[in-house]
Amino acid sequence: SLSSEEFLWDSVQGRSADRIRLQQRLPEPAGLPSSAGLSTMALSAGHLFSNATQAIFYNWKEKPVQRMLDFDYVSGRSTPSVACVVQPGSSGGFQKLFFGQQEVAISVYGSIDEAARKHPKADVFINYASFRSASESSMAALRQPTIRTVAIIAEGVPERDTKALIAYARANNKVVLGPATVGGVQAGAFKIGDTAGTLENIIACRLHRPGSVGFVSKSGGMSNEMYNVLSRATDGLFEGIAIGGDTFPGSTLSDHCLRFQNIPQVKMIVVLGELGGADEYGVVEALKAGAITKPVVAWVSGTCATLFKSEVQFGHAGARSGGEKESAQAKNSALAEAGATVPQSFEGLEAAVKSVYDGLVASGKLVPAADVPVPPIPMDLSVAVAQGLVRVPTHVVSTISDDRGDEPKYGGVAMSELIEGDYGIGDVIGLLWFKKQLPKYATRFMELCVMMCADHGPCVSGAHNSIVTARAGKDIVSCLVSGLLTIGPRFGGAIDDAARYFKAACDAGQPPADFVESLKKSGVRVPGIGHRIKSKDNRDARVLLLQQYAEKYFKTTRYLKYAVSVEEYTLQKSANLVLNVDGCIGALFLDLLDSSGAFTEKEADEIVKIGYLNALFVVARSIGLVGHALDQKRLGQGLYRHPWEDVLYTQ
């Protein structure tokens, strides 16, 4: 009889070409001496995982990572099994997850090299990359001296790439699980990704504590089913591996059976194979050679293939009915002849497992593992809410829009209606700011205000700031914000103040002269009156256009008339104390609120108080500020420095 290590070493060194072929072994990589094969091979050494194993998780997926941490917690681990996450191209940071009741931060890195360097104790690499990039990232992980095991979840990885990964792993004493694998689990210690499914299934299968059975299969889905079977028929799983369903898996059924032979806690081995290929014959050879002496219960699925007249491709790439030796019947017969317990059908597998297990217990070779209490895992809030178990207050209230349906809604109006109907930007402002569908003349007035206030040349303070910022090489958002920050009482921010003062005076019936003089005594300039370059004889065309529009479409303009009467008084003092565009917009907005019939008096007062009107100037002027910034970038203007000749230097 050969030991499991001697048997595997014999295969690796090429002393049995048939065994190499049957185990789907590849030739040694070109340029490597024969001694570069696996000395005693990582797979023959026994344990792949322990309750201290940590993994690097590649290509962030929240659910499988959280499932790993939940498994860790119910298994009694003191630290999470996920050391870090690699998200290609990431600049770093972390992902928040739960470890029991405690919220933890898992570090995120942009490269495998950085992750492996900063977490040298993490020796498992869990690769959730797509089949397009899985081989490249897996090879990068295998080249890390700290990585011992790589699990490749994706199916459909090109066979040529898979062969290269297997050859490199074998030459460097490393293990590849997959491609097309769900991974593996050591009960009560460590699990890969979505192995064994939900937490409820893990607890039902008693995977939170170690049992006595070593299990290996090609199928991840059937592995999950078998963990349930083992929990009923035995004291449960010690370790389970799904090698993957592709034609060339990174490790074989016999590889893991030989490992289980060297793990003292494993008292019996269960193998679930499938038709196609010759992988199961590696187990047959190991049994015949005496390399595996522990009881083996096996079944090869796919016996129904004989009912079909032609070759049948089942779910996995490797599950293809070929020649007679690849049939499920031939493999089952070979396993039985080699000494494995093989039932008559899959339905009889559970009974066969139980029979072998009961025999081990009766002979005293196996002491059933004791059940241990499972620490409670708090239910996720989202699950509890969905099940109606808790009431959770919201943190944000929104009344203007809703994006939960098939299309967004503004103020209850669907986006399709806005696009297909006779709506403009003024209507959108009405819906989002005032929560009303305003009359067309009102929304057109707001559009006119936006058009007229979009820009006032490069010399005003806001535009100047945006220009200087753009010439400093800053981004568009910075340029816009630098200009917006100048808006206030002295630049563009007088609309609200003008509306407030005009409304209070007009509503109180205060004569224009008294209004102006009372503000003068208080040291307050009249908001909305005065201009640096416009005057009585050089009126602002924007003011004239707005007045003409209001006279044509507004029902009443009593606030505008009051503002004009104030202007008439101030012009007696100075020719440049004209009604400016801020004052005109402020007065006309009051008339819109007063005469449109869409607003109550209380709503109108609130609009003036909150600052809606200055917001209109902000929206409008943003167009011009962005335009100035883009203009400077388009022109390639260099850094601006103010000329010293334009500065008065004085003590």
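Sequential numbering from 1 along the given sequence is applied to the chain's residues.
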Task: Over 12 foreign heavy atoms within 6.0 Å of CZ, Arg539 - done: yes

TODO: May I ask you to test the Leu545-Leu448 pair for a side-chain heavy-atom distance under 4.5 Å?
DONE: no

- [ ] Hey, could you give me each pair passing salt bridge (charged side-chain N to carboxylate O under 4.0 Å, His left out) that has a residue in residues 460-478? Not counting sequence neighbours.
- [x] none

- [ ] Would you mind listing every side-chain hydrogen bond (donor to acceptor under 3.5 Å, both in side chains) that reaches into residues 96-110, with sequence neighbours excluded?
- [x] Tyr109-His119

Open item on the list: Checking the side chain of Asp72 only, and the main-chain atoms of Ser81 only, is there a donor and an acceptor separated by less than 3.5 Å?
Closed with: yes

Open item on the list: Closer than 3.5 angstrom, by distance alone: can the side chain of Gln632 be matched with the main-chain N or O of Ile467 as a donor-acceptor pair?
Closed with: no

Task: CD (Glu517) with more than 12 external heavy atoms under 6.0 Å - done: yes

Task: Ser130 OG to Glu155 CD distance, which is reported to the nearest 0.5 Å - done: 12.0 Å

Open item on the list: Holding to salt bridge (Lys or Arg N to Asp or Glu O under 4.0 Å), I want the full list of residues that pass it with Arg404, two or more places apart in sequence or in another chain.
Closed with: Asp402

Open item on the list: What's the separation between atom CZ in Phe125 and atom CD1 in Ile192, rounded to the nearest 0.5 Å?
Closed with: 12.0 Å

Open item on the list: Which residues pass the ring-ring contact (aromatic ring centres under 6.0 Å, His included) test with Tyr612, not counting sequence neighbours?
Closed with: Phe434

TODO: Please answer whether the main-chain N or O of Gln510 pairs with a side-chain N or O of Tyr562 as donor and acceptor at a distance below 3.5 Å.
DONE: yes

Task: Check: Glu447 side chain, Gly426 main-chain N or O, donor-acceptor pair, under 3.5 Å - done: yes

Task: Closest heavy-atom pair and its distance - Leu207, Ser75 - done: O-OG, 4.4 Å

Atom pairs and distances, donor-acceptor, side-chain atoms in residues 587-597, under 3.5 Å, two or more places apart:
| from | atom 1 | to | atom 2 | distance (Å) |
| --- | --- | --- | --- | --- |
| Asp591 | OD1 | Arg558 | N | 3.1 |
| Asp591 | OD1 | Tyr559 | N | 2.9 |
| Asp591 | OD2 | Leu560 | N | 3.0 |
| Asp594 | OD2 | Arg558 | NE | 3.3 |
| Ser595 | OG | Asp591 | O | 2.6 |
| Ser596 | OG | Leu592 | O | 2.9 |
| Ser596 | OG | Ala598 | N | 3.3 |

Task: Sidechain-backbone polar pair: Ser522 side chain, Ser518 backbone, donor-acceptor under 3.5 Å - done: yes

Open item on the list: Taking Asp605 first and then Lys602, would you say they form a salt bridge - that is, a charged N and a carboxylate O separated by under 4.0 Å?
Closed with: no

Open item on the list: Within the 3.5 Å criterion, strictly below it, is a donor on Asn127 or Ser138 matched to an acceptor on the partner's side chain?
Closed with: yes

Task: Pair Asn576-Ser574, side-chain hydrogen bond (donor to acceptor under 3.5 Å, both in side chains): steps then yes or no - done: CA-CA 6 Å; Asn576 70 333; Ser574 176; 2.6 Å; yes

Which atom pairs, one a donor and one an acceptor, fall under 3.5 Å between side chains of residues 410-418 and the rest of the protein, sequence neighbours left out?
| from | atom 1 | to | atom 2 | distance (Å) |
| --- | --- | --- | --- | --- |
| Ser416 | OG | Glu407 | OE1 | 3.2 |
| Ser416 | OG | Glu407 | OE2 | 3.0 |
| Glu417 | OE2 | Tyr423 | OH | 2.9 |

Task: Results of salt bridge (Lys or Arg N to Asp or Glu O under 4.0 Å) for Asp514 - residues two or more places apart only - done: none

Open item on the list: Applying salt bridge (Lys or Arg N to Asp or Glu O under 4.0 Å), can you list everything that pairs with Lys409, at least two apart in sequence or on another chain?
Closed with: none

- [ ] Could you list the residues that satisfy ring-ring contact (aromatic ring centres under 6.0 Å, His included) with Tyr569, not counting sequence neighbours?
- [x] none

- [ ] To the nearest 0.5 angstrom, please state how far the CG atom of Asp582 sits from the CZ atom of Phe491.
- [x] 9.0 Å

For residues 450-464, please give each side-chain donor-acceptor pair under 3.5 Å, one per line with the distance, not counting sequence neighbours.
| from | atom 1 | to | atom 2 | distance (Å) |
| --- | --- | --- | --- | --- |
| Asp455 | OD1 | His628 | NE2 | 2.8 |
| Asp455 | OD2 | Gly457 | N | 3.2 |
| Asp455 | OD2 | His628 | NE2 | 3.3 |

- [ ] Could you please spell out the steps behind the side-chain contact (heavy atoms from CB on, under 4.5 Å) verdict for Phe71 and Thr195?
- [x] CA-CA 10 Å; Phe71 174 84; Thr195 300; over 6 Å; no

Task: Contacts of Arg532 that satisfy salt bridge (Lys or Arg N to Asp or Glu O under 4.0 Å) - sequence neighbours left out - done: none

Open item on the list: Counting neighbours of CZ on Phe94 that are heavy atoms of other residues, nucleotides or ligands and sit closer than 6.0 Å, is the number greater than 12?
Closed with: no

TODO: Would you check if the side chain of Arg67 reaches a backbone N or O of Gly193 as a donor-acceptor pair within less than 3.5 Å?
DONE: no

Validation: residues 548-555 side-chain donor-acceptor distances under 3.5 Å, sequence neighbours left out:
| from | atom 1 | to | atom 2 | distance (Å) |
| --- | --- | --- | --- | --- |
| Tyr549 | OH | Tyr441 | O | 3.0 |

- [ ] Let me know which of Leu625, Val626, Val481, Leu630 forms a side chain to side chain contact (heavy atoms under 4.5 Å, CB included) with Ser466.
- [x] Leu625

Task: Separation of Asp507 CG from Glu601 CD (nearest 0.5 Å) - done: 7.0 Å

- [ ] Could you label the plane-to-plane angle of the Phe515 and Phe502 rings as parallel, tilted or perpendicular, counting under 30° as parallel and over 60° as perpendicular?
- [x] tilted

Open item on the list: Can you give me the closest heavy-atom contact between Lys440 and Asp422, atom names plus distance?
Closed with: NZ-O, 2.8 Å

Task: 4.5 Å side-chain heavy-atom contact, Pro375 and Tyr73 - done: yes

Open item on the list: Nearest 0.5 angstrom please: Phe99 CZ to Leu97 CG, how far?
Closed with: 11.5 Å

Task: Contact check, side chains of Leu571 and Val578, non-hydrogen atoms, under 4.5 Å - done: yes

TODO: Quick one: pull up CG in Leu432 and CG in Asp427 and give me the separation to the nearest 0.5 Å.
DONE: 11.0 Å

Open item on the list: Looking at Lys435 and Glu603, is any side-chain nitrogen of the basic one under 4.0 Å from a carboxylate oxygen of the acidic one?
Closed with: no

